[in-house]
> 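Before we start, here is the structure in question, set down as structure tokens.
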Amino acid sequence: MTQFPKGFLWGGAVAANQVEGAYLEDGKGLTSVDLLPTGEKRWQVMTGKVDSLKPVEGEFYPSHEAIDFYHRYKEDIALFAEMGFKALRVSISWARIFPNGDDAEPNEAGLQFYDDLFDEMRKYDIEPVVTIAHFDVPVHLIEAYGSWRNRKLVNFFETYAKTIFTRYQDKVKYWMTFNEINMLLHLPFVGARLVFDEGENELQIKYQAAHHQLVASALAVKAGHEIIPDAKIGCMLAAGTTYPYTSNPDDVAKAMERDRESFFFIDVQSRGHYPGYAKRFFRDNDLKIHMEENDEELLKNHTVDYIGFSYYSSRTTSTDPEILKDITDGNVFASVANPYLKASEWGWTIDPKGFRITANQLYDRYEKPLFVVENGLGAIDKLNADGTVDDDYRIEYLKEHIAEMGEAIEDGVDIIGYTSWGPIDIVSASTGEMKKRYGYIYVDRDNEGKGTLKRSKKKSFDWYKQVIASNGEKL
Ligand code: BG6
């Protein structure tokens, strides 16, 4: 039985646009994620096939009301406290603080909202863990500057980061700069709000935007450390180790390359320099990354304190065209089906042991504390008449994953916390659905936005409560 460290940060994680709603309230500006509808159309927008910088009349946008956390956070935090949460990961909506992104002054009402939110958490001794950018870019920054293509975003982001570090310096110690920063390569709309014109060199634009985010991240780490000397500022990787489909060295080399696509970001954020394999990749693909004079020094001097990561599944790759035909489309990160593993209802591979392997891989590589800031199972729940849900499948998933996290700790991996994804049902990032539920708490709302928004406890609620109370002993 694993002994989880004393003070281990058990809790849950959400993102502003997936819970808050109130999308234009109290001065908030419109953001990229407010323009994501549901279903097939969402995918078209996310992959840049359809573009609009304004909501389209008659279209349903789930983020506009989401689960109305903006008005109901007190009730939700009381429920998290009842489960014994030690930490809650939230993100700040950039456009609540700077509605246009380039405003001369921040929006006081937006700042006040997060003050109140953090006070409410602190009331129950829940440690706020804050993501500075979780997939959102103020729409004005897209219209006026072209989003992260433009170097100017670095300064706007720096101002935003400095503003929130200063404001919340006594309330927030754990920060993360960009959520799943490597997502930029796979879903550039989501990661950096990039949409491409016909004939553009997409790879060049993506890596230049990535450089901008990496510099912005380093500047935020610098500012954070100056303003809050005891702050812990992390990066955030969409993790999940890549297995070669066979022992054919070609497959093994391809798996290594696939992993490096993601590690690239963290290598820069944690080791402080562009790795050799990235330079080779740029050479081979004729990419030229424009850097300013002291970028390299900034990256070198302002590395992260810990490695935050999400883990939902492992990935598998092959060089065999026949095997490659069997790509699971559920994962944003294309993966061939692994014959040893099952998948969720959304086609996400379920691999608890891969969690242990991933944690070990990250710790071997960076030797910095790890923080598991997302993990969980998106599933369809059946509501009982009394408002409960018998979500044994969710308990099973979490139990197996937490057990493997324990194994990683036994392996010597320094893990400081675990915030499972969506402790309360929220809007799905990839599909916009409500029926893809992760929560211990059920929210009465459906894919079309109907429902009372009433909260009720699922079976997993008491289960997770006992996990936390026993510090991971009783799974
Ligand atoms: C991560 C994101 O990619 O996965 C979250 O950081 C997201 O925002 C989570 O919600 C689960 O994905 P989905 O599509 O099931 O909501």
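Reckoned from all heavy atoms, side chains included, excluding hydrogens, waters and symmetry mates. In this chain, numbering begins with 1 at the start of the sequence shown. Order of listing sets the numbers, starting from 1, for every ligand and every atom in it.
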> For residues 28-35, which side-chain N or O atoms pair as donor and acceptor with protein atoms under 3.5 Å away, sequence neighbours left out?
{"unit_1": "Lys28", "atom_1": "NZ", "unit_2": "Tyr23", "atom_2": "O", "d": "2.9"}
{"unit_1": "Lys28", "atom_1": "NZ", "unit_2": "Asp34", "atom_2": "OD2", "d": "2.8"}
{"unit_1": "Thr31", "atom_1": "OG1", "unit_2": "Asp34", "atom_2": "OD2", "d": "3.2"}
{"unit_1": "Ser32", "atom_1": "OG", "unit_2": "Val137", "atom_2": "N", "d": "3.0"}
{"unit_1": "Asp34", "atom_1": "OD1", "unit_2": "Ser63", "atom_2": "OG", "d": "3.0"}
{"unit_1": "Asp34", "atom_1": "OD2", "unit_2": "Thr31", "atom_2": "N", "d": "2.9"}

> Considering only heavy atoms of Lys436, which atoms of ligand 1 have at least one such atom less than 4.0 Å away?
13 (P), 14 (O), 15 (O)
> Look at atom 5 (C) of ligand 1 and say which protein heavy atom is nearest, naming residue and atom and giving the distance to 0.1 Å.
Trp421 CZ2, 3.5 Å
> In ligand 1, which numbered atoms sit nearer than 4.0 Å to a non-hydrogen atom of Tyr312?
4 (O), 9 (C), 11 (C)
> Any idea which atoms of ligand 1 are less than 4.0 Å away from a heavy-atom of Ser428?
13 (P), 14 (O), 15 (O), 16 (O)
> Please confirm whether His134 approaches ligand 1 to less than 4.0 Å, judged on its heavy atoms.
yes
> When you measure from atom 3 (O) of ligand 1 to every protein heavy atom, which one gives the shortest distance, and what is it?
Glu180 OE1, 2.5 Å
> Would you say Ser344 and Tyr397 are linked by a side-chain donor-acceptor pair, where the criterion is simply a distance under 3.5 Å?
no
> Quick one: which ligand 1 atoms are inside 4.0 Å of a heavy atom on Ala429?
7 (C), 8 (O), 10 (O), 13 (P), 14 (O), 16 (O)
> What residue and atom, counting heavy atoms only, is the protein's closest point to atom 14 (O) of ligand 1, and at what distance?
Ser430 OG, 2.5 Å
> Is it the side chain (CB and beyond), the backbone, both or neither of Ile426 that lies under 4.0 Å from ligand 1, heavy atoms counted?
neither
> Could you label the plane-to-plane angle of the Phe178 and Phe157 rings as parallel, tilted or perpendicular, counting under 30° as parallel and over 60° as perpendicular?
parallel
> In terms of ring plane angle, is the pair His134 and Trp421 parallel, tilted or perpendicular, where the classes change at 30° and 60°?
parallel
> Hey, is NZ on Lys173 packed in by over 12 heavy atoms from elsewhere, all under 6.0 Å?
yes
> Would you verify whether the NZ or CZ of Arg167 falls within 45 degrees of the ring axis of Tyr114 while also being under 6.0 Å from that six-membered ring's centre?
no
> Out of curiosity, is Trp346 lining ligand 1, as in a heavy atom under 4.0 Å away?
no
> Below 4.0 angstrom, N of the basic side chain to O of the carboxylate: do Glu374 and Arg89 qualify?
yes
> Provide, to 0.1 Å, the distance between atom 4 (O) of ligand 1 and the closest protein heavy atom, together with that atom's residue and name.
Glu374 OE1, 3.3 Å
> Nearest protein heavy-atom contact for atom 10 (O) of ligand 1: which residue, which atom, what distance?
Gln18 NE2, 2.8 Å
> Can you tell me if Asp26 and Gln112 form a side-chain donor-acceptor pair at under 3.5 Å?
no
> Got a sec, which residues hit side-chain contact (heavy atoms from CB on, under 4.5 Å) with Pro128, two or more places apart in sequence or on another chain?
Phe118, Met121, Arg122, Val130, Val172
> Would you mind listing which atoms of ligand 1 come within a distance below 4.0 Å of any non-hydrogen atom of Trp348?
11 (C), 12 (O), 15 (O)
> Quick check on contacts: which atoms of ligand 1 are under 4.0 angstrom from a heavy atom of Tyr438?
11 (C), 12 (O), 13 (P), 15 (O)
